[in-house]
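Report on the structure given below.
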2 protein chains.
Amino acid sequence: MPRRVTLKQVAARAGVSYQTVSKVINGKAQVSPETEARIWEAVRELGYRPHYIARSLRAQRSRLIGYSWPPSPPDQPNPILDLFLQSMFTAAEEAGYYLLCFPHHYGERQIESYRELIESARVDGFIVSSVEFDDPRLAFLMEKDYPFVAFGRSNPDWDFPYVDVDGAAGMVKVVNHLLERGHRRIAALAWPEASRVGQNRLDGYFTALQRAGIMPLDAWIARGEGRFDFGYQATLQWLDLPPDERPTAIVALNDVMAIGAMRAVQERGLRVGVDVAITGFDDYPLVQYLTPPLTSVRQPIWDIGQRIVSMLVALLEGQPLQERHVLVEPELIIRASSTGPAG
Amino acid sequence: MPRRVTLKQVAARAGVSYQTVSKVINGKAQVSPETEARIWEAVRELGYRPHYIARSLRAQRSRLIGYSWPPSPPDQPNPILDLFLQSMFTAAEEAGYYLLCFPHHYGERQIESYRELIESARVDGFIVSSVEFDDPRLAFLMEKDYPFVAFGRSNPDWDFPYVDVDGAAGMVKVVNHLLERGHRRIAALAWPEASRVGQNRLDGYFTALQRAGIMPLDAWIARGEGRFDFGYQATLQWLDLPPDERPTAIVALNDVMAIGAMRAVQERGLRVGVDVAITGFDDYPLVQYLTPPLTSVRQPIWDIGQRIVSMLVALLEGQPLQERHVLVEPELIIRASSTGPAG
DNA sequence: ACTGAATAGGCGAACGTTCGCCCGAACGTT
DNA sequence: AACGTTCGGGCGAACGTTCGCCTATTCAGT
């Protein structure tokens, strides 16, 4: 370990007190231009860099943002994590912050990790994602009055800063796209009712159908765990419906179920995109290379990460937030699974 | 912000000096059992937690591990990142460390980020992934003699601790599997020669064929950028070869190229797994749901993350490393793309 | 009763900053 | 000539720890 360069060394070289150097570096000094130049010169020559920990101790802030997320199922890793993290710590770096990542625990230990990081003064604030109804992390942070920004909404009665994707708007785009192509019998592969994100997306489905004056049959809504097998099985059942009830299009709330649906359609000898239109959600990687490529909905994740961080930084710096609640619209990516080979 | 509980408050409550409390907490005190009990009691009652920054300042170590990785191409996000990060910070937490993530920059700025983190004393060591030949990050860290562990090998003349996947061994497994099923003409979708990982995997291809006494034709090796289109185009060309030169199996160095190959085979009216066997590499998510499911090679990424962290922690704690160079074998996942529907 | 070690715990200092207060000199104002 | 102001910069203190050294008491061994 090379010996560190400290303020005192810079001060000695510049012929001033070390506190004055500190002030110059932080731009809150009243010094003559010559002295200031001498100090900067010394800083440069010695390659001085402020000791972040010492600075934090004195300033009582770590300039670290805590982030934790639940592990994904092994066969379905989170594809947007990469981009999301990159967007966040790029924005953070510009503001002089870094991201501290810590493991996600379940049950009692979950809150314990947050408490630990707060009480040991390791982080100045948190980013919370995968937010559920009545999420205990949010409850805890609100009670502690500790700064955070959530990616996702929660209990509507709680007031906290968040950024979220407007899943309903995304689903409206999907359904409208299918309606335009003449579909009237549109089935939905949905999640259990407890899923906040799922309900939000499904709302869009109902909204769009309602606007078109269509009343979906109960049989057209299948709820399951969002897996391949569920999409596959549910679709087989739909294909067995009498011709005038059988859906001509299937919207899935995520891509994996959509892929299961594709498999089912193809195994029955039908053509995806021609005989049955299928759409996914999330624009999972590789779905563009399926046969046929899958129509899906993509979240502007880079923007989301940047906004979350800039909101949190504003909070940490005591600046007022222009918007406490941000909703961003996802983008519909139209591919052959909903249009047939002609596009 | 609630007022912090400090050592002095605990000391006051326990009726000892605050330095004694510190010693008890760090287990390096000689105190009577009663006093110790009193101190712990006070700690518990007040909910004392050591101030991490103050501790770091004094101990001259941050207990933070720096990690940065290059952003993935937007259409091909890194699927193992999630698991890799989870495995690392789970291991880190157990050892009392956390992960500090920072952006990856290109050119001059890349090293600058590392220098900044070192000189501002923010991290105690680094984890470096996506290692290339003569990687400047490794050169820099070795010169600075700053602790780090790499995920991946680099210049063979450099001596540094690393964990890497034995790509050659993985490819040997793939090729042996195909040989067992009677294939003799096996083509390879490879990366450019500059790719360290690509060369490593391709070595395994040659090794396995050589052991079987097979001399691959030059025409069976196609080198490209690892994209869908490249796999697709190269495969079309192979299918145009005369019957006695035409490959009956295609091994791809990653899954995306394999998917391109599958598309080409299917468009020619041939059956993947029956007429032409195809294998991928990396076991990208969803490839198990392709039609047919893709045979691929999976890295034990959880173990890798855990080992990397435990090596780095050992380095940071001044313990000797049992192994400076760890090579782990990937696992062959056999699916229908190389065996046909019968399995 | 005297010595020497072990035991229990106190105390000063230091880690590298930032912050607020102070003070001398120079300057302009009445 | 006495006074307030501004400018330029010094100085002590504090942030919450850990570390090494010191000391007072106890106790066993001669």
Side-chain angles (χ1 to χ4, degrees), chain A residues 1-40 42-43 46-64 96 116-122 124 317, chain B residues 1-40 42-43 46-64 96 118-122 124 317:
Chain A
M1 305 276 175
R3 201 71 212 103
R4 290 192 45 77
V5 180
T6 72
L7 275 185
K8 297 197 182 180
Q9 298 173 35
V10 176
R13 181 156 198 135
V16 292
S17 78
Y18 68 95
Q19 294 95 332
T20 301
V21 178
S22 166
K23 287 179 184 167
V24 164
I25 287 178
N26 292 292
K28 46 184 71 168
Q30 347 187 6
V31 288
S32 67
E34 306 89 61
T35 312
E36 172 150 10
R38 237 176 34 246
I39 290 177
W40 281 118
V43 164
L46 294 171
Y48 169 76
R49 219 174 292 245
H51 191 291
Y52 142 82
I53 295 193
R55 178 176 268 189
S56 295
L57 177 59
R58 176 63 227 217
Q60 298 290 70
R61 49 196 300 217
S62 67
R63 292 196 159 266
L64 245 32
E116 155 87 27
L117 287 167
I118 291 175
E119 294 186 356
S120 66
R122 251 178 249 251
D124 293 342
E317 313 265 324
Chain B
M1 305 277 174
R3 201 72 212 104
R4 290 192 45 79
V5 181
T6 73
L7 275 184
K8 299 197 182 179
Q9 298 173 35
V10 176
R13 182 156 196 134
V16 294
S17 76
Y18 67 95
Q19 294 96 331
T20 300
V21 177
S22 166
K23 288 180 183 166
V24 164
I25 286 177
N26 292 292
K28 44 186 69 168
Q30 347 188 7
V31 289
S32 68
E34 306 88 61
T35 311
E36 172 149 10
R38 235 175 36 245
I39 290 177
W40 282 117
V43 164
L46 295 172
Y48 169 77
R49 218 174 293 244
H51 191 290
Y52 141 83
I53 295 194
R55 179 176 268 189
S56 296
L57 178 60
R58 175 66 226 216
Q60 297 290 71
R61 48 196 302 216
S62 66
R63 292 195 159 266
L64 244 32
I118 292 176
E119 295 187 355
S120 66
R122 250 177 249 251
D124 293 343
E317 313 265 327

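The figures that follow rest on heavy atoms only: side chains count, while hydrogens, waters and symmetry mates do not. Throughout, a chain's letter reflects where its sequence line sits, starting with A, and its residues are numbered from 1. Predicted, not measured: the structure shown is a model, and the values here were computed from it.
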Practice task
Remember a base hit wins even if backbone is also touched, and classify B:Tyr52 as base, sugar-phosphate or nothing at under 4.0 Å, heavy atoms.
Solution key: nothing
Fill in the blank from the handout: By nearest-nucleotide position on DNA chain C, the 5'-leaning member of B:Arg38 and B:Leu57 is B:Arg38
Problem - Pair of N/O donor and acceptor under 3.5 Å linking C:dT18 base with A:Arg58 side chain - result: yes
Exercise for the section: With the side chain counted from C-beta on, respond yes when A:Ile25 and A:Val10 share a heavy-atom pair under 4.5 Å apart, and no when they do not. Expected result: no
Exercise for the section: With heavy atoms under 4.0 Å as the rule, sort B:Thr35 into base, sugar-phosphate or nothing. Expected result: sugar-phosphate
Problem - Strand partner of C:dA25, provided both Watson-Crick or wobble distances fall under 3.5 Å - result: D:dT6
Exercise for the section: Send over the distance from A:Ile25 CD1 to C:dG16 C1', rounded to a whole Å. Expected result: 12 Å
Practice task
Could you please name the partner base of C:dT30, counting Watson-Crick and G-U wobble pairs only when both distances are under 3.5 Å?
Solution key: D:dA1
Exercise for the section: Let me know the distance between OH of B:Tyr18 and P of D:dG16, rounded to the nearest Å. Expected result: 11 Å
Practice task
Taking only Lys NZ, Arg NE, NH1 and NH2, and the carboxylate oxygens of Asp or Glu, determine whether B:Glu317 and B:Arg61 approach each other closer than 4.0 Å.
Solution key: yes
Practice task
Please step through side-chain contact (heavy atoms from CB on, under 4.5 Å) for the pair B:Tyr48 and B:Val21, ending with a clear verdict.
Solution key: CA-CA 11 Å; B:Tyr48 169 77; B:Val21 177; 5.7 Å; no
Handout entry: A:Ile53 CD1 - D:dC15 C1' separation (whole Å)
Key = 13 Å
Exercise for the section: Respond yes when some side-chain nitrogen or oxygen of B:Ser17 is under 4.0 Å from OP1 or OP2 of C:dG10, and no when none is. Expected result: yes
Completion exercise
Taken to the nearest whole Å, NZ/A:Lys8 to P/C:dT18 is 13 Å
Completion exercise
Per nearest nucleotide of DNA chain C, the residue lying toward the 5' end, B:Ser32 or A:Asn26, is B:Ser32
Practice task
For the side chain of A:Gln30, starting at C-beta, report the closest nucleotide among D:dG8, C:dG9, D:dT17.
Solution key: D:dG8
Exercise for the section: Check whether the side chain of B:Gln19 and the base of C:dG12 form a donor-acceptor pair under 3.5 Å. Expected result: yes
Handout entry: Nearest-Å distance for atom pair CZ/P, residues A:Arg61 and D:dG16
Key = 16 Å
Completion exercise
In whole angstroms, the gap separating P of D:dA14 from CZ of B:Arg4 amounts to 18 Å
Handout entry: Sugar-phosphate, base or nothing in reach of B:Ser22, heavy atoms under 4.0 Å
Key = base
Completion exercise
The nucleotide from D:dA13, C:dC11, D:dG16 with an atom nearest the side chain of B:Lys23 is C:dC11
Exercise for the section: For the pair B:Ser22 and B:Tyr18, evaluate side-chain contact (heavy atoms from CB on, under 4.5 Å) and give the outcome as yes or no after the intermediate values. Expected result: CA-CA 6 Å; B:Ser22 166; B:Tyr18 67 95; over 6 Å; no
Practice task
Answer yes or no: does a side-chain N or O of B:Gln60 lie under 4.0 Å from OP1 or OP2 of C:dA14?
Solution key: no
Practice task
Answer with yes or no whether the side chains of A:Arg122 and A:Ser120 bring together a donor and an acceptor at under 3.5 Å.
Solution key: yes
Exercise for the section: Determine: side-chain N/O of A:Arg55 to OP1/OP2 of C:dG16, distance under 4.0 Å, yes or no. Expected result: no
Fill in the blank from the handout: Rounded to whole Å, CZ of A:Arg122 lies from P of D:dT17 at a distance of 12 Å
Practice task
Report yes if some heavy atom in the side chain of B:Asn26 is under 4.5 Å from a heavy atom in the side chain of B:Arg55; otherwise report no.
Solution key: yes
Handout entry: Protein-nucleotide distance (B:Ile39, atom CD1; C:dA8, atom P), rounded to Å
Key = 12 Å
